[in-house]
> 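Starting off with a structure, shown below.
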Protein chains: 2
Amino acid sequence: MSIGELLAGREGLRIEDPRQTSVSVHAYLRDLIISGAIPPGTQLKQAELARVLAVSRTPLREAFRMLQEEGLVSAEPNQRSVVLGLDAEALDSLYAARITLESLGARLTAGRMTREEVRSAAAAHKEMDRTYRAGDYASWTVAHRRFHRLLVGRSGAPVLRTISSYAEQSERYVRIDQLTNTQDFEARQREHQAIFDAVRHGDGKAAVVEMARHLSGSARRVVEAHAPGRGTPFVDAALDLLLCDCSDAASDSG
Amino acid sequence: MSIGELLAGREGLRIEDPRQTSVSVHAYLRDLIISGAIPPGTQLKQAELARVLAVSRTPLREAFRMLQEEGLVSAEPNQRSVVLGLDAEALDSLYAARITLESLGARLTAGRMTREEVRSAAAAHKEMDRTYRAGDYASWTVAHRRFHRLLVGRSGAPVLRTISSYAEQSERYVRIDQLTNTQDFEARQREHQAIFDAVRHGDGKAAVVEMARHLSGSARRVVEAHAPGRGTPFVDAALDLLLCDCSDAASDSG
DNA sequence: TCACATGAAACTGTCGACAGTTATCGCGAT
DNA sequence: ATCGCGATAACTGTCGACAGTTTCATGTGA
């Protein structure tokens with residue numbers, strides 16, 4: 001599938017800041033890749049894309065560089081760029097890292113949310129409920145992102161960047177149909193609530209437990225959907241690490 | 001200090017792959033920034049740099065984009081790029097994340113190193129000793145990097161990328177004079193040995209403990225050097241998280 | 001029918017130039 | 001002396017074009 005056809009019906013690029021076309025292009029392509037609209041394996045030909053987006057190849061190439069640095073696009077010299085995907089192992093390890101960092105983030109944030117942040121997180125949580133019931137998954141995603149972001153808000157800039165990057169990467173593999181089961185949705189909303197309560201009330205330990213539980217659930221469903229029966233050894237190890245396997249039931253098998 | 005003067009005496013850019021000037025430029029500048037040769041605050045003027053490096057501005061700008069994505073260089077539209085530095089808080093949180101990820105990495109790698117990797121790590125450890133005694137800190141850094149890399153080698157691609165990035169970022173703030181005290185050096189070599197032993201023998205729990213201890217020591221020294229008396233709350237929280245503060249001596253103070 | 005060479009077409013990487021924006025310096029007013 | 005203001009210089013962002021590389025189709029031989 002050519003990139004031209006993929007973008008055919010879609011609304012074109014909107015250049016936010018005419019002083020920097022390349023960042024708009026970057027944001028545009030990044031969104032399309034992360035949302036899954038441009039699936040892994042798609043070839044991105046510079047000339048074609050430049051024509052479709054009505055920009056020259058210079059800013060387009062700069063956007064490519066940024067996407068490459070994020071690991072979203074291949075970077076072989078003199079070869080077409082290709083949208084990259086994650087295999088099961090990469091997905092597993094990505095989630096393992098996300099769980100550790102986001103749990104750490106929740107712990108750092110526990111008891112340190114401002115009144116305003118608490119209000120905003122509560123609003124996001126409510127918004128998630130509303131948009132889900134309305135079937136507006138695009139808006140749900142936005143609210144969900146904001147909610148998670150607020151719960152790790154005191155992590156410090158470098159960590160926040162990584163967390164966001166990981167979260168977006170894994171979003172690509174969360175299939176919408178995993179949300180459509182109302183029962184599962186309710187359960188996940190309760191998980192969100194549990195994390196929120198722990199962080200808000202300053203219970204760092206509980207925040208870690210709830211965050212790890214929540215994310216590992218996602219991880220298992222996502223990996224199971226893409227590689228049935230594989231299991232999630234990386235995620236499991238991360239959980240052991242975080243959830244204090246103080247017992248000597250050592251789980252390291254050569 | 002202009003970038004032209006900074007690079008004056010230094011040996012110029014060596015273009016590895018003439019098919020992609022931009023990646024050579026990126027690697028070149030990245031090294032200079034990470035090694036501290038180009039300090040934070042330095043202004044990078046495109047025309048001047050392009051002249052000094054004898055490349056056109058197009059590949060140079062693409063290299064800039066990559067550096068920006070890594071957080072090494074500023075990205076204000078229509079403004080000169082500036083080499084960015086980390087403040088104490090960012091440094092603290094960077095180390096906290098590095099500790100969690102690298103400990104997780106050590107745990108994932110524990111008992112899974114190949115014979116070849118064990119041999120290689122042992123060689124790197126010996127090399128660190130040799131280069132230190134010879135005062136060849138550049139080579140020491142290379143060996144040190146390789147050693148750490150091998151001990152987290154089974155982490156999965158995405159996590160490895162982040163770990164490397166964090167490690168390099170923090171390297172900028174490790175001052176050489178912290179190494180010149182022989183007694184400290186011996187102690188750190190013992191720490192390295194302890195991590196190595198734990199990972200090699202498949203003791204994941206010990207690997208985490210030793211790795212966390214080792215890195216947190218570095219973190220404290222580095223932060224203390226740059227912000228005396230500040231302490232390392234982020235790192236401390238990460239340690240609590242990793243080292244099983246199962247006791248209810250909760251350390252979350254609103 | 002298949003493997004392989006060959007040339008054309010398509011694509012990537014780089015360059016110099018132009019347009020628009022920001023910084024700088026000098027001048028005048030307060 | 002200090003602040004504001006304008007003209008000029010310096011710099012960034014984008015573009016179209018050229019050179020080098022890869023890909024693909026076509027034809028040739030076994």
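The sequence lines fix the lettering, A, B, ..., with proteins before strands; numbering per chain opens at 1.
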> If only side-chain N and O atoms count, and only distance matters, is there a donor-acceptor pair under 3.5 Å linking Ser139(B) with Arg130(B)?
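Checked: Arg130(B)/Ser139(B) side chains show no N/O donor-acceptor pair below 3.5 Å.
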> Check the distance between dT14(C)'s C1' and Phe64(B)'s CZ and give it to me in whole angstrom.
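These atoms are roughly 17 Å apart.
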> In whole Å, what is the span from the CG atom of Asp17(B) to the C1' atom of dT14(C)?
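Atom-to-atom, Asp17(B) to dT14(C), this comes out as 13 Å.
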> What is the distance from CG of Leu49(B) to C1' of dA10(D), rounded to the nearest Å?
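One finds 16 Å between C1' of dA10(D) and CG of Leu49(B), rounded.
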> Is the shortest side-chain N to carboxylate O distance from Glu127(B) to Arg146(B) below 4.0 Å?
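The answer is no: the pair does not qualify as a salt bridge.
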> Rounded to whole Å, how long is the line connecting atom CG of Leu53(B) with atom C1' of dT14(C)?
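Between C1' of dT14(C) and CG of Leu53(B): 15 Å.
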> Taking only residues two or more places apart in sequence or in another chain, which ones pass side chain to side chain donor-acceptor pair (under 3.5 Å) with Ser93(A)?
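Side chain to side chain donor-acceptor pair (under 3.5 Å) list for Ser93(A), sorted by chain: empty.
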> Using heavy-atom distances to pick each residue's nearest nucleotide on DNA chain D, tell me which of Arg19(A) and Arg19(B) is more 5'.
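The 5'-side residue here is Arg19(A).
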> In whole angstroms, how far is the P atom of dT12(C) from the CD atom of Gln43(A)?
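The distance from CD of Gln43(A) to P of dT12(C) comes to 9 Å, rounded to the nearest Å.
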> What residues, two or more places apart in sequence or in another chain, satisfy side chain to side chain donor-acceptor pair (under 3.5 Å) together with Gln169(B)?
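Scan of Gln169(B) (side chain to side chain donor-acceptor pair (under 3.5 Å), adjacent residues dropped) gives none.
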> Please report, rounded to the nearest Å, how far the P atom of dC15(C) is from the CD atom of Gln20(B).
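So the two atoms are 13 Å apart, to the nearest Å.
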> Considering residues at least two apart in sequence or located in another chain, which fulfil the side chain to side chain contact (heavy atoms under 4.5 Å, CB included) criterion with Ser216(A)?
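Residues passing side chain to side chain contact (heavy atoms under 4.5 Å, CB included) with Ser216(A): Ile99(A), Arg220(A), Val235(A), Leu239(A).
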> Would you kindly give the CD-to-P distance between Glu16(A) and dG13(D), to the nearest whole Å?
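Taking CD of Glu16(A) and P of dG13(D), I get 17 Å after rounding.
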> Identify each atom pair where a protein N or O and an N or O of nucleotides 9-11 of chain C are less than 3.5 Å apart, giving names and distance.
| residue | atom | partner | partner atom | Å |
| --- | --- | --- | --- | --- |
| dC11(C) | OP1 | Lys45(A) | NZ | 3.3 |

> Do NZ/NE/NH1/NH2 and the carboxylate oxygens of Glu117(A) and Arg154(A) come within less than 4.0 Å?
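Here Glu117(A) pairs with Arg154(A) in a salt bridge, since their nearest N and O are under 4.0 Å apart.
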> According to a strict under-4.0 Å criterion, is Thr21(B) in side-chain N/O contact with OP1 or OP2 of dG13(C)?
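So the side-chain polar atoms of Thr21(B) never come under 4.0 Å of the phosphate oxygens OP1 or OP2 of dG13(C).
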> Does either side chain, that of Glu171(A) or that of Thr141(A), offer a donor lying less than 3.5 Å from an acceptor on the other one?
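No, Thr141(A) and Glu171(A) have no side-chain donor paired with an acceptor closer than 3.5 Å.
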> Please work out which of the three classes, parallel, tilted or perpendicular, describes the rings of His125(B) and Phe147(B), given edges at 30° and 60°.
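Plane angle between 30° and 60°, so tilted.
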> For Glu76(B), which residues count as a salt bridge (charged side-chain N to carboxylate O under 4.0 Å, His left out) partner, sequence neighbours excluded?
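For Glu76(B), no residue satisfies salt bridge (charged side-chain N to carboxylate O under 4.0 Å, His left out) once neighbours in sequence are set aside.
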> For DNA chain C, which residues of residues 54-63 of chain A approach it to below 4.0 angstrom with any heavy atom?
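Under 4.0 Å from DNA chain C: Arg57(A), Arg61(A).
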